[in-house]
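Chain naming here is simple, since letters A, B, ... match the order of the sequence lines and numbering starts at 1 in each.
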Amino acid sequence: MNYPEASNFIEEIVTTDLASGKWTHVHTRFPPEPNGYLHIGHAKSICLNFGLAKKYGGQCNLRFDDTNPSKEETEYVDSIMDDIKWLGFEWSELHYASDYFQQLYDFAVHMIKEGKAYVCDLSAEDMRQFRGTLTEVGRNSPYRDRSVDENLDLFERMRLGEFDEGTHVLRAKIDMASPNMNLRDPAMYRIMKVPHHRTGDTWCIYPMYDFTHGINDALEQITHSICTLEFEDHRPLYDWFLRQIPVPCYPHQIEFARLNLTYTVMSKRKLLQLVMSGAVNGWDDPRMPTIAGMRRRGYPPEALRAFAEKIGVAKMFSTIDIELLQFCVREQLNKTAHRVMVVLRPIKLIIDNYPDDHVEWLDADNNPEDPDAGKRQIPFCKELFIESDDFKEDPPPKYFRLSIGKEIRLKHAYYITAHSVVKDDCGHVATIHCTYDPESRGGWSKDGRKVLGTSHWVSAKHAVEAEVRCYDHLFTQQNPEDVAEGHDFMEGFNQQSIQTLIGCKAEPSLVEKNVGNRFQFLRQGYFCVDNDSQRDKLVFNQTVTLKDAWAKIEKKN
RNA sequence: UGCCCCAUGGUGUAAUGGUAACACACCGGUUUUUGGUACCGUUGUUCGAGGUUCGAGUCCUUGUGGGGCAGCCA
């Protein structure tokens, strides 16, 4: 039998298992805890798990790991499902760890009967003392050798709510001298008198991750249970639990390195802090590395998937340059986004030899990369706005935009030559006067003379006011986690990470567009219509800039 | 001074004992009605030391460096 070629170490394990007959199919799962929004790191995991199932003709479940009701909320459940669907994936089965609470309880009882679990009355503090340290073995709990009957009775009473939180836990009886801390009689159940977002008040004891996860995997007949590196030391425990219980199969836990990105943070705790402190405007702030944030920013799901594909899967700790993500976004948008003209920082341009009240409608390609995208018509008249960066009184070397006496092309329109400027009281150029060549309609001339510069523009009479929000890195340092003693990572928050431009001039076709629509603002970057946008007040988010060769030249000078 | 994992250009990833390659970034060029796109090219890589082998990025030993583990979190 032939399988697709493996492109990372996990796929190698999968193909080996398939070839050896260890498994006849592939069944993975994506197991988020609903205690926060998904971020680009989760997107990597989603693409891996769902992608594996797709590639090998298998299935992938979505399972919420909701065993800690004090942190979990329905809002997060909903956002997670929404994000996964938006990314372009469909789960085979939907499960919640909480759906297995009764079975888990029965398994725990089974383990007590087998002498593999006991109720411990040690306080959290005492348990820590008894556990030992990284270099010293632990000591057995004085409650370790309780009789099966006593354990059964105590565990039942824990379930019935007879004890206060923190007074009792159910522990696995393994080895207090193990060099692997996870095997030093880990807790299986704790008392939490907290209502659960799905089971309500049914339970006041909740199972721990290590006890729950492997069993859930086995019950769902997961073949390859993929998780991140920090669970490596838990694998012996994962395997141990499955051996104590009659389960239908033995899934294989495989660990890979989580994603890190430059100039941002990925831990849920830090992201939560950004949201709660008001540094950003919610989980879907376009600066956030959350899927919701990137979606609002205008990142297409195809770009996120391409990114996940390019970064690969390995066990080495690494940090991906955020430029690669931006490359994937540009690559996708270049193929699909319609080009429009919007002047971000307008300056008035008057064509002295153009008839006063005349309006021409000119043809413009929607996307030169895609002939099927068609054309639209844009209005042209005597008074226009152009980008203030596109004119200089004292042009530096290699500047081939507009200056006095120079000729440039207005995209899709005419050649113009600047002649004079009018300044405001502060001495800033307020208006540029120019003349146009009526023979150059469409932006080219019969004599074949070359113009170096091409500017975008918007007819003053037809321009639509817009607000445009431009974004920069969330943090000023490549690695925001790398902070000196006594300092907080929030000190590295980039106060200039958002720049709101008002009074931008957009071409009129943009009025009819919908929230989420993505465009290339010619010569500037990719932008999308923000949720806040209204017909009489357009709001755009900058998704990513275009590459800018001139900016590099300017920087060198 | 316990246990586990990792080490390939600037950043990532591949090479499965047989010519170290791909992407991004960088630098240079060609094309261009976007200083975009596309295309071409340059620079640059196996952590150190031993060993096995005809041959080692790959296997072994060891050193060094990095990461993880002492929640009744996941």
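The interatomic distance linking A:Leu325 (CG) with B:rC24 (P) rounds to 14 Å, in whole Å. Between the CZ atom of A:Arg63 and the C1' atom of B:rA74 there is a distance of 12 Å, rounded to whole Å. Here the C1' atom of nucleotide B:rC72 and the CG atom of A:Leu122 are 11 Å apart, to the nearest Å. Separating the CZ atom of A:Arg258 from the C1' atom of B:rG66 is a distance of 16 Å, rounded to the nearest angstrom. The distance between atom CG of A:Leu522 and atom P of B:rG35, rounded to the nearest whole Å, is 8 Å. Between the CG atom of A:Asn366 and the P atom of B:rU34 there is a distance of 16 Å, given to the nearest Å. Taking atom OH on A:Tyr118 and atom P on B:rC72, their separation rounds to 12 Å, with Å as the unit.
Between A:Arg376 and A:Asp365 no salt bridge is recorded (no basic side-chain N to carboxylate O distance below 4.0 Å). The pair A:Arg449-A:Asp437 meets the salt-bridge criterion, with a side-chain N (NZ, NE, NH1 or NH2) lying under 4.0 Å from an Asp/Glu carboxylate O. A salt bridge does not link A:Glu387 to A:Arg401: none of the charged side-chain nitrogens sits closer than 4.0 Å to a carboxylate oxygen.
Among the atoms of the strands shown, only primed sugar atoms or phosphate atoms (P, OP1, OP2) are found under 4.0 Å from some heavy atom of A:Asn68. Residue A:Arg330 is classed as having no contact, given no heavy-atom separation below 4.0 Å to the nucleic acid. Heavy atoms of A:Met208 sit under 4.0 angstrom from primed sugar atoms or phosphate atoms, though from no base atom.
A:Arg523 contributes no side-chain N or O that forms a donor-acceptor pair with the base of B:rG35 under 3.5 Å. Checked by distance alone, A:Asp233 brings a side-chain donor or acceptor within 3.5 Å of a matching partner on the base of B:rG68.
Between A:Ile347 atom CD1 and A:Phe385 atom CZ the span is 10.5 Å, to the nearest 0.5 Å.
An aromatic stacking contact links A:Trp550 with the base of B:rG35, defined here by ring centres under 5.5 Å apart and ring planes under 30° from parallel.
When only modelled atom types and interatomic distance are considered, A:Gln520 and A:His338 share no side-chain donor-acceptor pair under 3.5 Å.
Searching all strands for a Watson-Crick or G-U wobble partner of B:rU52 with both distances below 3.5 Å returns nothing.
Residue order along RNA chain B, read from the 5' end via each residue's closest nucleotide, puts A:Gly312 first among A:Asn367 and A:Gly312.
Taking the O4'-C1'-N9-C4 or O4'-C1'-N1-C2 dihedral as appropriate, B:rG71 has a value within 90° of 0 and is therefore syn.
Using a 4.0 Å cut-off, some side-chain N or O of A:Arg131 falls inside it from OP1 or OP2 of B:rG71. Between A:Lys268 and the phosphate of B:rC73, there is no side-chain N or O to OP1/OP2 separation shorter than 4.0 Å.
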*Which parts of nucleotides 5-11 of chain B does protein reach within less than 4.0 Å, heavy atoms only, written one letter per nucleotide 5' to 3' as B for base, S for sugar-phosphate only and - for none?*
SSSS--S

